[in-house]
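Only heavy atoms go into these numbers, but all of them, side chains included; no hydrogens, no water, no symmetry mates. First the proteins, then the strands, lettered A, B, ... as listed; each starts at 1.
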Amino acid sequence: MTDITDLVIVGGGPGGQAAARAAIRHGLRVTVLDEQARPGGQIFRQPFADGIYPKDRFGAKHAAAGRAGAALCAEPLIDWQGNRMVWGLTPGGEDGFELFHSGPDGAAALKARRVLIAAGCHDMAVPFPGWTLSGVMGAGGIQAMLKGQGVAPGASILLGGSHPLMLVIAAQLLDFGVTPVGVVFSQSFGRIKEMLGAPLVASRSLPVFAQGARAYLKLHRAGVPVHFGKVVVRAEGDDTLQQVRIAPSDRLDATGETIACDAFGFCYGFTSSAELPRQIGVDPVWSETGGGWIIPHDARMQTSQPGLYVAGETAGIGGEPCAVAEGVLAGLTIAESLGKSVSETEIARAQTQRRHRRDFATLLQRLADPGAALLQGLRDDDTAICRCESVKTGAFRALLRDNPTIHSADAAKLLARTGMGPCQGRFCHRAVQEEIAAARGGSTADAKPFAARMPARPVPLRDLRSLSRDGNE
Amino acid sequence: MNLDVVIIGGGLVGVASAHFLARGGARVCLIEKGDLNRGASGQNAGSLHFQMEHRLVEHGEAMTALAASMLPLSLDAIDRWGGITSELGEDDLDVVMHGGLMLAETPEQVAKLERKRAHEEKWGLPTRMLDQAEVREMAPYLTDTVLAASFCPVEGHGNPRLITSALARSALAQGVEIRSGTGVTAMRRRDGRWEVDVTGPDGEGDRIEADMVLNAGGAWAGRIATLAGLHIPVLPVALTMNATTPARPLIGHLIQHVGKRISMKQLREGNVLIGGGWSARMHRKGDQFDLSRRPASDLDSIQGNVTIALDLVPELEQMHLMRSWTGTVGVTSDSLPILGEVPQAPGYYVATGGSGFTLGLTYGALMAEHMLTRKTELDIDLFSPARFNHVNMFMGPK
């Protein structure tokens, strides 16, 4: 048996970092595997190289997160490995796991006694007519380009959806020197105000809402129109996006109004990255508004697989404060499970903190929820339901009609190829499940998730050949 | 309804049997505990391989000769796959018969290919030997360590995703009742008929009666036989399949190897499918294999399989493994299929084992003929469950 590290954390965002700090404080040796070159995750994504934009371009908190991440990497107990894509997680013999990951220099295997998946989330895909046009993307993708590459995806950018994060991204575009052409909320202004008035908000979640309010004011002052009660129902253009059509949320067929733009970011919510726990056999649960298939866990963030923990969006969309609280809790309980002395008071405090953050996350989910009916109403028969394999919604519906014995996403995948492409169903699964539920009756979750298998992401064949796994004979 | 046949198992063999039985006028009900085509029928790599496989020719001449007795089934399968699309009135079932190569890289392997080909020639399978230059000309994408190959011009691939559903649509149109989400809980023979107790998708129980039962359970066939008090020696075996990201057309044949575990083909969508008998890990529950869970991937298998593929087709270096999956196939203890009636249980038929995808249409057609007319034009006595009388003489439905 070769070297086995105490803890491997998958994901270097706020949750993963918080866990790493808690764990090394109690003497654990920790390896962090992160897809990005530098620590930060989606929210605090750092530039791929110094100097491509001023350090404080995205505010003091973003800059401070960059410094804190760099300091964490330098800790003696931390082995930070950036540019690593983790594609496999298997039981690694008694009391441990084996992880497989790839990067620019090939694939590698790693053994760990405990594993924490804090893999974050990605934009929830919402098929609508024209969404495969070049220029249409998830709003999180726009943010990633801004923070990571220092470029904006267009000169006239529109954001549309239901998530308040749109305000923040639009304000960041302003900071960046690109004035967005507008923000389109599907909810009415009254509904948002009503939810903001909920008593919970005032007490514990002020900073987050203050950030939203500041962003809103900034957009207002810059003259960026923010629409309420409207939906982008169609993206139009020859090869690339030229304009979108918008309609009132309660009359999707009234498509007279257009907005010219060369980039459109949709933002109706987020999908949890839960593939790795599912791959090893943890059954996910369905959260309609909180990330889709998410990973259940106990009060110490441990999943049904002993030794495997989750934190942050993998456990359900909760935002940065929630990810940090769960990261801290997981770091502490993992240290304790490995025989370190951790005070129960400290764990209890972390649990309380986590509960408060989750309460707020639930509220935010409700606020940001566009309603399943609205999203389903956006796609017509001609809309691609699976972009990897170019499967149209109409063809998928016909297939369900012609094959009454199909009841699951996996069975539909075999016939329709939905979910068979490079994304492995990460983007199409929700719409696929919704269509099956509509055709058969029952709920979106009844169609079950696509099977999650190794590799979670495409891996170069030559990496598989050269991957050496010593100590595994 | 007064049923003639209850078929247990909604894979290719069960559904093909339903189609052919209904076409012969039988009243049929098919029950499947999950969804149709979710076992090996939908998970295998889709090879239409008619040459004798690597695993059948590596255990000496006597075993090879026995395995060669399956070649008439392959000849039947060639015709069936060639005609199935129009027979079912479909536009396109993605049946590709562009030829297959079985490769040899050492003089010993070349000799083995020659011996194998002699059997195939005796039974009338169209194969011919290609020397190194001929292989290079026909398949320039292969590595130049290939010394020779046997070429079968009608090999290729079917589409495991499409064929079973097409047969199911045909069966439904001919009046077959298909109950998915329905498992068998018990069965017995009473007054010359079979009673099959089932539990439906909502947990409600039901009893189905028919003159005949057909066990087409694949990897589950042994367990289904237990319900009738019988031993059917079909062993569940977990296998791994791999698919690359799509690429430009490169590999124009079914590729197999006489000395290595590999099957490879490129789909019209551009993906290369790589399989060939690499294992996956079956889950266990107590002292039983747990067939209710999909086998876990085994990275050693994936690596071993992919490495052979890269060695044989160097251009695959540029491609990615996009997807790897597992399935459980039913393999008989003697590698021959089990086709026919169990002597100790009149009216109880079995169709499983062997190369269930390539030969699935043939099994279905033969079983329909056998069950409806008590005889078959093609001699299937060798494959009868009667060869297990030495265990089943003590068994049988009580």
Side-chain angles (χ1 to χ4, degrees), chain A residues 87-92 98-100 102 107 109 279-281 283 388-390 399 402-417 419-425 440 442 446-448 450-469 472-473, chain B residues 10 15 30 32 34-38 41-43 159-162 164-166 168-169 172 178-181 201 240 242-246 267 269 271-272 274 280-281 283 293-294 296-300 302-311 313 316-326:
Chain A
W87 46 264
L89 173 65
T90 63
E98 196 170 13
L99 295 102
F100 309 106
S102 289
Q279 194 180 90
I280 205 170
D283 286 328
C388 295
E389 296 290 331
S390 303
L399 185 135
D402 294 345
N403 296 276
T405 61
I406 288 180
H407 291 90
S408 66
D410 263 339
K413 166 168 140 184
L414 273 187
L415 263 188
R417 293 187 68 85
M420 271 198 177
C423 95
Q424 291 293 285
R440 302 283 180 259
D446 289 347
K448 311 239 173 65
F450 290 123
R453 298 198 168 285
M454 177 163 64
R457 304 278 172 94
V459 180
L461 292 180
R462 57 173 182 274
D463 281 6
L464 284 164
R465 177 171 57 189
S466 61
L467 171 64
S468 78
R469 301 167 60 199
N472 206 52
E473 297 311 312
Chain B
V15 178
L30 181 146
E32 160 58 48
D35 266 334
L36 295 186
N37 202 37
R38 296 288 295 120
S41 304
Q43 302 292 320
N159 191 327
R161 304 187 296 103
L162 304 180
T164 302
S165 319
R169 288 193 293 274
L172 286 169
I178 295 181
R179 296 200 193 179
S180 53
T240 297
N242 304 292
T244 69
T245 42
L267 307 183
E269 290 86 1
N271 317 79
V272 177
I274 303 167
R281 286 196 316 270
H283 298 283
R293 297 175 62 193
R294 282 217 182 281
S297 300
D298 179 355
L299 189 59
D300 289 335
I302 296 174
Q303 286 186 280
N305 199 353
V306 159
T307 298
I308 294 176
L310 285 169
D311 290 345
V313 182
L316 291 177
E317 285 277 347
Q318 306 308 318
M319 296 170 73
H320 286 63
L321 175 67
M322 182 176 74
R323 188 158 35 93
S324 182
W325 70 99
T326 65

Next on the checklist: For the interface with chain B, which of G421(A), S466(A), C388(A) has the highest count of heavy-atom pairs at distances below 4.5 Å?
Outcome noted: G421(A)

Checklist entry - Given the rule in the side chain to side chain contact (heavy atoms under 4.5 Å, CB included) test, do Q43(B) and L414(A) qualify, once you have shown the distances and angles that lead to the verdict? => result CA-CA 9 Å; Q43(B) 302 292 320; L414(A) 273 187; 4.2 Å; yes

Item to check | CA sep, side-chain torsions, deciding dist, call: E269(B), R417(A), side chain to side chain contact (heavy atoms under 4.5 Å, CB included) | outcome: CA-CA 10 Å; E269(B) 290 86 1; R417(A) 293 187 68 85; 3.5 Å; yes

Checklist entry - Does the pair L299(B) and M454(A) meet the rule for a side chain to side chain contact (heavy atoms under 4.5 Å, CB included), with working shown? => result CA-CA 8 Å; L299(B) 189 59; M454(A) 177 163 64; 4.0 Å; yes

Checklist entry - Of the non-hydrogen atoms in P422(A) and M322(B), which two are nearest, and what is the gap between them? => result N-SD, 3.3 Å

Next on the checklist: Heavy-atom cut-off 4.5 Å, strictly under: side chain, backbone, both or neither for S324(B) against chain A?
Outcome noted: both

Checklist outcome for this item: Pair count under 4.5 Å, heavy atoms only, with chain A: among T244(B), D298(B), T307(B), D35(B), highest is D35(B)

Item to check | side-chain hydrogen bond (donor to acceptor under 3.5 Å, both in side chains) evaluation trace for N403(A) with S165(B) | outcome: CA-CA 7 Å; N403(A) 296 276; S165(B) 319; 4.5 Å; no

Checklist entry - Which heavy-atom pair separates P404(A) from L172(B) by the least distance, and what is that distance? => result CG-CD1, 4.2 Å

Checklist outcome for this item: CD of Q303(B) to CZ of F100(A), rounded to nearest 0.5 Å, is 7.5 Å

Item to check | For the student: nearest non-hydrogen atoms of L461(A) and L310(B), plus distance | outcome: O-CD1, 3.6 Å

Checklist outcome for this item: Residues passing the ring-ring contact (aromatic ring centres under 6.0 Å, His included) test with F450(A), sequence neighbours excluded, are none

Checklist entry - So R161(B) and K413(A), side chain to side chain contact (heavy atoms under 4.5 Å, CB included) or not? Walk me through it. => result CA-CA 9 Å; R161(B) 304 187 296 103; K413(A) 166 168 140 184; over 6 Å; no

Checklist entry - Quick one: what part of L467(A) sits under 4.5 Å from any heavy atom of chain B, side chain, backbone, both or neither? => result both

Checklist entry - Under a 4.0 Å N-O cut-off, is there an ion pair linking R38(B) with D410(A)? => result yes

Checklist outcome for this item: Residue pairs passing the salt bridge (charged side-chain N to carboxylate O under 4.0 Å, His left out) test with at least one member in residues 453-468 of chain A, sequence neighbours excluded, are E35(A)-R457(A), R465(A)-D311(B), R465(A)-E317(B)

Item to check | Side chain, backbone, both or neither of N242(B) within contact of chain A (heavy atoms, under 4.5 Å) | outcome: neither

Item to check | Which portion of L316(B) sits near chain A, non-hydrogen atoms under 4.5 angstrom | outcome: both

Checklist entry - Contact part of T245(B) toward chain A, heavy-atom cut-off under 4.5 Å: side chain, backbone, both or neither? => result side chain

Checklist entry - From N37(B) CG over to L415(A) CG, what is the distance, rounded to the nearest 0.5 angstrom? => result 7.5 Å

Checklist outcome for this item: Whatever's closer than 4.5 Å to a heavy atom in chain A on T164(B) counts as neither

